[in-house]
Amino acid sequence: ETKVAARPLKGLSIENERGDLLRLYLKLALYLNEPELILKRTPYLSEEVFSNPLTRELLGLLFYRNADFVKAYELIEDLSTPNSENIKGNIYLAQGKLELAYAQFKVALNRKTNSQNALERIIPTAWRLNQWNDGVEFTRLLDNSSDKQLEKLALEAAFLTKNEQYTEALDRLKYIVSETKESAPLEVNQLYAYNSLIKEDKKNAFEYANRACKQQDAYACWMRSHMFIWEDFTLLSKREDKVFENVEDLLSKYTTEFTPNPIKETIFVEQRNIEELEDAQIELIPTP
């Protein structure tokens with residue numbers, strides 16, 4: 001019922017409001033996701049309003065929510081609050097500037113080490129930038145509430161795996177499996193199978209590849225099938241030489257190396273002659 005709740009904002013002359021009451025209206029517009037009801041009155045705000053950092057931060061967030069990144073950045077550029085640093089990082093993300101966004105979210109975390117807003121943005125950015133070690137540390141700062149604990153541990157296990165800390169990753173995964181029993185998510189089974197493969201644990205590599213395969217993961221099914229074929233498939237994970245030395249790349253052969261050579265048709269009987277013979281036999285055109 002946000003439209004009903006936003007009725008007090010319609011037609012409101014926010015330029016006549018001051019201090020906490022003005023900020024209350026700005027927060028209400030943010031909470032109800034109705035920034036345009038406030039922003040159309042911003043040209044009438046006094047200089048006094050823009051001199052207040054808290055008010056300016058809220059206005060910057062409203063402009064950001066309305067996808068007006070230029071005005072949002074102009075309002076918060078010289079602010080150093082955790083929220084303003086997060087908004088700057090969000091603006092960089094929207095522009096695809098991942099390195100700048102990553103640095104900006106780090107600044108936000110320096111301002112407030114447990115900022116969940118900053119953590120929820122810096123963690124996927126760290127993944128995209130291959131910052132595995134940082135990702136491990138950031139996931140440990142996430143909210144540790146009971147309903148999010150397993151999700152947090154799975155995310156930490158993913159970063160540990162990419163950081164080649166396989167034993168530590170398996171410790172997290174074992175705990176998740178013990179808590180979820182047979183209903184572990186696909187991603188957990190994928191990670192468990194991969195880490196077990198790297199650690200040369202044939203039993204668990206097969207067990208969790210089998211579970212992931214039942215959850216319709218094609219790679220896990222491929223891995224499971226090869227564990228039937230090879231005596232010890234786990235040894236292949238650390239093998240540096242090629243398993244097959246001379247493998248013909250059929251895909252390249254039939255795509256890049258293929259020279260079109262159209263088949264030449266040899267005409268033994270003209271089609272026109274056949275048509276004339278058929279016409280003569282069935283007398284399509286009656287003889288006068």
K.L.:
Please determine whether residues W127 and L109 belong to a single hydrophobic cluster, defined as Ile, Leu, Val, Met, Phe, Trp and Tyr linked transitively by side-chain heavy-atom distances below 4.5 Å.
P.N.:
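Yes, W127 and L109 fall within the same hydrophobic cluster.
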K.L.:
Do you know the tightest heavy-atom contact between N86 and A118?
P.N.:
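So the two residues come closest at OD1-CB, 3.2 Å.
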K.L.:
Can a donor-acceptor pair be found, under 3.5 Å and without considering hydrogens, that links the side chain of R172 to the backbone of E168?
P.N.:
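Here the side-chain-to-backbone pair exists.
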K.L.:
Is the distance between the ring centroids of Y194 and Y208 under 6.0 Å?
P.N.:
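No; Y208 has its ring centre 6.0 Å or more from that of Y194.
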K.L.:
How about T180 and V188: do any of their side-chain heavy atoms sit closer than 4.5 Å?
P.N.:
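When only atoms from C-beta onward are counted, V188 and T180 do not touch, as no gap falls below 4.5 Å.
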K.L.:
Any side-chain heavy atom of L155 sitting closer than 4.5 Å to one from L142?
P.N.:
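L155 vs L142: side chains touch.
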K.L.:
Kindly work out whether a path of hydrophobic side-chain contacts (I/L/V/M/F/W/Y, heavy atoms less than 4.5 Å apart) joins W230 to L197.
P.N.:
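Yes: a chain of side-chain contacts under 4.5 Å links W230 to L197.
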K.L.:
Look at E74 together with K71 and state whether they make a salt bridge at an N to O cut-off of under 4.0 Å.
P.N.:
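Answer for the salt bridge query: no.
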K.L.:
Side chains of Q215 and D217: any donor to acceptor distance under 3.5 Å?
P.N.:
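No, no side-chain donor-acceptor pair sits under 3.5 Å.
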K.L.:
Could you verify whether a donor N or O on one side chain and an acceptor N or O on the other, from N90 and R121, lie under 3.5 Å apart?
P.N.:
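The criterion, which ignores hydrogens and geometry beyond distance, is satisfied for R121 and N90.
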K.L.:
Just do the ring-ring contact (aromatic ring centres under 6.0 Å, His included) check on F228 and F206 with the steps written out, would you?
P.N.:
CA-CA 9 Å; F228 284 119; F206 181 84; 5.3 Å; yes
K.L.:
Any chance you could measure N195, atom CG, to L170, atom CG, to the nearest 0.5 Å?
P.N.:
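Between atom CG of N195 and atom CG of L170 there are 4.5 Å.
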K.L.:
According to the interplanar angle, ranging from 0 to 90°, do the rings of W132 and F159 count as parallel (below 30°), tilted (30 to 60°) or perpendicular (above 60°)?
P.N.:
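Tilted, since the angle between the ring planes falls between 30° and 60°.
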K.L.:
For the residue pair N204 and S196, what are the closest heavy atoms and their distance?
P.N.:
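Heavy atoms only, the tightest pair is CB-OG, 3.5 Å.
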K.L.:
Looking only at heavy atoms, which two atoms of R56 and D78 are closest? And how far apart?
P.N.:
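Closest pair (atom of R56, atom of D78, distance): NH1-OD1, 2.8 Å.
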K.L.:
Cluster question for you: counting only ILVMFWY and a side-chain heavy-atom cut-off of under 4.5 Å, with indirect links fine, are L100 and Y102 together?
P.N.:
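Different clusters: L100 never reaches Y102 through Ile, Leu, Val, Met, Phe, Trp or Tyr contacts under 4.5 Å.
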K.L.:
Would a 4.5 Å heavy-atom cut-off, applied to side chains only, mark R224 and F233 as touching?
P.N.:
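Of all side-chain heavy-atom pairs linking F233 with R224, none is under 4.5 Å.
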K.L.:
Please check: side-chain N/O of K88 versus main-chain N/O of E77, any donor-acceptor pairing under 3.5 Å?
P.N.:
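It does hold such a pair.
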K.L.:
Is there a path from V136 to F138 through hydrophobic residues (I, L, V, M, F, W, Y) whose side chains come within less than 4.5 Å of each other?
P.N.:
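Yes, one cluster joins them.
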K.L.:
For a side chain to side chain contact (heavy atoms under 4.5 Å, CB included) check, start with the C-alpha distance between L150 and Y175, then their side-chain angles and the critical distance, and finish with the verdict.
P.N.:
CA-CA 8 Å; L150 298 183; Y175 180 80; 3.9 Å; yes
K.L.:
Would you say the side chain of L54 lies within less than 4.5 Å of the side chain of R23, judging by non-hydrogen atoms?
P.N.:
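When only atoms from C-beta onward are counted, L54 and R23 do touch, with a gap below 4.5 Å.
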K.L.:
Any donor-acceptor pair under 3.5 Å linking the side-chain atoms of T234 with those of D232?
P.N.:
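Their side chains do contain a donor-acceptor pair, which is all the 3.5 Å distance test asks for.
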K.L.:
Quick one: does any side-chain atom of Q216 pair with a main-chain N or O of K214 as donor and acceptor, under 3.5 Å?
P.N.:
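It does not hold such a pair.
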K.L.:
How long is the gap from CG on L79 to CD on E85, to the nearest 0.5 Å?
P.N.:
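Answer rounded to 0.5 Å: 8.5 Å.
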K.L.:
Grab the two heavy atoms, one from P82 and one from K112, that are nearest each other, plus how far apart they are.
P.N.:
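Smallest heavy-atom distance, with atoms named: CG-CB, 3.8 Å.
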K.L.:
Given side chain to side chain contact (heavy atoms under 4.5 Å, CB included), test K174 with Y192 step by step and report yes or no.
P.N.:
CA-CA 8 Å; K174 286 175 184 175; Y192 211 131; 3.0 Å; yes
K.L.:
Between L62 and L26, is there a side-chain heavy-atom distance shorter than 4.5 Å?
P.N.:
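Yes; the side chains approach each other to less than 4.5 Å.
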K.L.:
Does any N or O in the side chain of R111 come within less than 3.5 Å of the main-chain N or O of S80, such that one atom is a donor and the other an acceptor?
P.N.:
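Yes: the side chain of R111 pairs with the backbone of S80.
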K.L.:
Grab the two heavy atoms, one from E57 and one from S84, that are nearest each other, plus how far apart they are.
P.N.:
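Of all heavy-atom pairs spanning E57 and S84, the closest is OE1-N, 3.9 Å.
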K.L.:
For K202, does the NZ atom have more than 12 heavy-atom neighbours from other residues, nucleotides or ligands under 6.0 Å away?
P.N.:
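At most 12 heavy atoms, drawn from other residues, nucleotides or ligands, come within 6.0 Å of this atom.
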K.L.:
Okay, side chain of N163, backbone of Q165: is any donor-acceptor separation there less than 3.5 Å?
P.N.:
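Absent.
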K.L.:
Provide the closest heavy-atom pair for L30 versus R65 in the form atom of the first, atom of the second, distance.
P.N.:
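Closest approach of L30 to R65: O-NH1, 2.9 Å.
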K.L.:
When clusters are formed by joining ILVMFWY residues with side-chain heavy atoms under 4.5 Å apart, either directly or through shared neighbours, do L93 and Y73 land in the same one?
P.N.:
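No.
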K.L.:
Does R211 form a salt bridge (Lys or Arg N to Asp or Glu O under 4.0 Å) with E207? I'd like the steps, not just the answer.
P.N.:
CA-CA 6 Å; R211 292 188 186 188; E207 170 66 24; 2.9 Å; yes
K.L.:
Would you check if R140 and E137 make a side-chain contact, meaning some heavy-atom pair closer than 4.5 Å?
P.N.:
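Sidechains of E137 and R140: in contact.
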K.L.:
Are any non-hydrogen side-chain atoms of L75 and I87 less than 4.5 angstrom apart?
P.N.:
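No. Closest side-chain heavy atoms not under 4.5 Å.
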